[in-house]
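Worth saying up front: this structure is predicted, and the values here are computed from it rather than measured. Just so you know, these numbers use all the heavy atoms, side chains as well, and skip hydrogens, waters and symmetry mates. Throughout, protein chains are lettered first and strands after them, A, B, ... in sequence-line order, and every chain is numbered starting at 1.
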Amino acid sequence: MRKDAKDVATLVGEVLSGLEGDPESWERRLEEIAPELIEEIHERKQPITGLPDLNVEDGCHVVLRFAPNPNGPATIGSVRGIVVNSEYAKRHHGEFILRFDDTDPRTKAPLVEAYAWYLDDCEYLDAVPDRVVYASDYLNEYYEYAKKLILMGAAYVCLCERDEFKRYKDAKEPCPHRNTDVDSNLKCWERMLGGGYVEGEAVLRIKTDIKHKDPALRDWAAFRIVETPHSRPEIADRFRVWPLLDFESAVQDHVLKVTHIIRGKDLMDSERRQRYVYDYLGWQYPLTLHWGRMKLHEFGRFSTSAISNAIRCGEYTGWDDPRAPTLRALRKRGITADAIRKFMIDLGISETDISLSLDNLYAINRKIVDPTANRYFFVWEPVTIAIQGAVAMIATPLCHPDRSDVREIPVGDTVAVCSADLDGVGAGERLRLKNMYDIEIVKTNPLVAKHIGGNRGEWCATEEKPRYPIIHWVAGDNVDVVVHAPDQTYEGVCEIGILSEEGNIVQFERFGFVRIDSVDFDGKKAVAYFAHR
RNA sequence: GCUCCGAUGGUGUAGUCCGGUCAAUCAUUCUGGCCUUUCGAGCCAGCUACCCGGGUUCAAAUCCCGGUCGGAGCACCA
């Protein structure tokens, strides 16, 4: 029908001109003769958002993995890998593996503590792995596959200097070791394993196509000698020949029966390199999906080594510094796992490079946290106002606008308010102390105000909505609070009730949501971390 | 230099495979209004997008070619 579109259009025109009435009457008529078609007219494509379908056959056991190098805790980048892979495993009732790709004892040396941190972070993200694998536990297995490839003539020991090999590779020329016979290669390999070469003297290369148009694929290195001991005490100096990522990962993914690899597109060439190994050994490569480079406005690039450096030079206080792009920092600030998961899932897995703001994450978190977070008054940079004619009373602000429980705050004749709320406010001007009463400034130095309006002992502002500002305050018994935010640190005083909120996310009214990190009952102090407005 | 990916509002994202229902989805940001004993939330309204140029076709965000721009790889890092 499509190729006869012109004729069809003509025909449709003829038919249409033969009809009576308006489109509404046509629809009514259609309702009578073919009601099932009505739905089709109104049907709209359901816009799907988030992760695309994996299109797996029924009964297929899906296996996914996230494979970080534990040279630090999970960054926001790692979180994407954990969330997306674990989410697909959940959807397909499959398996989610956490594999530590820790086969570089030196350049990106694993941090012993980081293994446990990853496990803990996965748990927080509701992504507890079904299986945990340490790549550094399988050196002998990699060696066996290496030997197999050497015997097939698919791998060779290369004794070129690094630069020397690069020159051959760039010229699409084989290096002198490429055509070494199998027996000699095997001897060299044994010698490599046995310590007969020093670091840097020999590598094992996978034979690909030295004339391949993509230089990234030509005879890549699979093993090298590293004499630095591994950070895991159980491995330590037991091995000196280590596989590189492409080899280690190739073997692991096969052995673990991984069905889908979902990762950043920076590893696209990795797949092409690894396919040579898979083809030699007759294995089937998993299906792959990639996402583009992710950058956050707030952080710029976030590599583990960059954060590590920032900590070392004192720029960050630690891996959980609120300014650091790590999951530990987000956790400390009260960003919930559900919010983080949704944030990552909503990004989907488009190959477009993205640069986005954490505002999206904050908006999601706010929706989750707002319905339950208790409200408190926190006064930063406090100044004290003496109030003439004040009556002792107990103010009763709501703990939450959707609930009826209140916090009872005894008030005498002074209150503390934010100095910023008094900027430019002169004598004669009025303010409403929220949930208490209205005041009029008498003089500003020292600060004195007078109580105006209302009854005594209860909510006693004038009834009508004030035309002057409504501000919050703290009175009587209070707690010294420090709030660490990414951009600055706030110091001030807060209601005493905050002492029972350790570990909770609360809202400091007119300030934002914070997580109470620690409290000191005796010293009446608390430390909080700022989440978002 | 060689190679590989990508390009939809301020930001992300759906739609692209298989051209027409796309005068283009959803979210967020921003602006205005309502509500409100703060802020936030909620409700209503508004703004803003198919990288450029050719081609194919009755019809192109969608297919083809060429540019431009962005990212990545060409490590004895992951």
Query raised in the report: Taking the side chain of A:Thr352 as its heavy atoms from C-beta onward, which of B:G71, B:A78, B:U8 lies nearest to it?
Result: B:U8
Report task. Could you check A:His451 against A:Tyr437 for ring-ring contact (aromatic ring centres under 6.0 Å, His included), going step by step and ending with a plain yes or no? Result -> CA-CA 7 Å; A:His451 170 286; A:Tyr437 48 64; 4.5 Å; yes
**Report entry** B:A23 versus B:C64 - spacing of their C1' atoms, nearest Å
**Finding:** 27 Å
Query raised in the report: Would you say the side chain of A:Asp370 and the base of B:G40 hold a donor-acceptor pair, judged only by whether the two atoms sit under 3.5 Å apart?
Result: yes
Query - Residue matched to B:C58 through Watson-Crick or wobble contacts both under 3.5 angstrom - result: B:G20
Query raised in the report: B:A61 and B:G54: how far apart are their P atoms, nearest whole angstrom?
Result: 14 Å
Report task. With a 4.0 Å heavy-atom cut-off, tell me which residues in residues 208-224 of chain A come close to RNA chain B, sorted by residue number. Result -> A:Lys213, A:Asp214, A:Pro215, A:Ala216, A:Ala221, A:Arg224
Query - Nucleotide of B:G70, B:A41, B:C74 approaching A:Lys169 most closely (side-chain heavy atoms) - result: B:C74
**Report entry** Euclidean distance for P, B:A75 against B:U68 (whole angstrom)
**Finding:** 26 Å
**Report entry** Nucleotide nearest A:Val203 when distance is taken to its side chain, options B:C76, B:U13, B:U37
**Finding:** B:C76
Report summary line: Note: contacts of residues 269-276 of chain A with RNA chain B (heavy atom, under 4.0 Å) are A:Asp269, A:Arg272, A:Arg273
Query raised in the report: Would you say the side-chain atoms of A:Asn435 and A:Arg407 include a donor-acceptor pair closer than 3.5 Å?
Result: no
Query - Spacing of the C1' atoms in B:G70 and B:C51 (rounded, Å) - result: 11 Å
Query raised in the report: Would the number of heavy atoms belonging to other residues, nucleotides or ligands and lying under 6.0 Å from CD of A:Glu381 be above 12?
Result: no
Query raised in the report: What integer number of Å spans the C1' atoms of B:C47 and B:G10?
Result: 11 Å
Query raised in the report: Please give, in whole Å, the distance from B:U29 C1' to A:Ile364 CD1?
Result: 13 Å
Requested in this report: When you get a sec, tell me which of B:A72, B:U37, B:A41 is the closest nucleotide to the side chain of A:Arg366?
Outcome: B:A41
Requested in this report: Would you please say whether a donor-acceptor pair under 3.5 Å links the side chains of A:Ser355 and A:Arg293?
Outcome: no
Report task. Would you state whether a donor and an acceptor, one from the side chain of A:Gln507 and one from the base of B:C39, lie under 3.5 Å apart? Result -> yes
Query raised in the report: What interatomic distance, in whole Å, is found between C1' of B:G9 and the corresponding atom of B:G15?
Result: 15 Å
Query raised in the report: Which part of the nucleic acid does A:Asp353 contact within heavy-atom distance under 4.0 Å: base, sugar-phosphate only, or nothing?
Result: base
Report summary line: Nearest heavy-atom approach of A:Asp121 to A:Pro73 is OD2-CB, 4.5 Å
Query raised in the report: What is the pairing partner of B:C4, taking Watson-Crick or G-U wobble pairs with both distances under 3.5 Å in any strand?
Result: B:G71
**Report entry** Backbone N/O of A:Ala531 and side chain of A:Arg333: donor-acceptor pair under 3.5 Å
**Finding:** yes
Requested in this report: Decide yes or no, distance alone: a donor-acceptor N/O pair under 3.5 angstrom between the base of B:U29 and the side-chain of A:Asp359.
Outcome: no
Report task. With heavy atoms under 4.0 Å as the rule, sort A:Arg99 into base, sugar-phosphate or nothing. Result -> nothing
Query - Pairing residues for A:Arg167 by the salt bridge (charged side-chain N to carboxylate O under 4.0 Å, His left out) criterion, not counting sequence neighbours - result: none
Query - B:C35 - base-pair partner by Watson-Crick or wobble geometry, distances under 3.5 Å - result: none
Query raised in the report: If the P atom of B:C50 is compared with that of B:A60, how far apart are they to the nearest Å?
Result: 16 Å
Query raised in the report: With respect to the side chain of A:Arg375, which nucleotide from B:A78, B:G40, B:U11 is positioned closest?
Result: B:G40
Requested in this report: For this output row, return yes or no: ring centroids of A:Phe508 and A:Phe377 closer than 6.0 angstrom.
Outcome: no
Query raised in the report: Applying a 3.5 Å limit to both distances, which nucleotide forms a Watson-Crick or G-U wobble pair with B:A27?
Result: B:U11
Query raised in the report: Is A:Glu351 paired with A:Lys265 through a side-chain N to carboxylate O contact shorter than 4.0 Å?
Result: no
**Report entry** Ring-face cation of A:Arg533 near A:Tyr362 (centre distance under 6.0 Å, axis angle within 45°)
**Finding:** no
Requested in this report: Kindly point out which of B:A78, B:C77, B:G12 is positioned nearest to the side chain of A:Leu347?
Outcome: B:G12
Query raised in the report: Does A:His177 have its ring centroid less than 6.0 Å away from the ring centroid of A:Tyr156?
Result: no
Requested in this report: Could you measure between the two P atoms, the one in B:C77 and the one in B:U13, and give it in whole Å?
Outcome: 33 Å
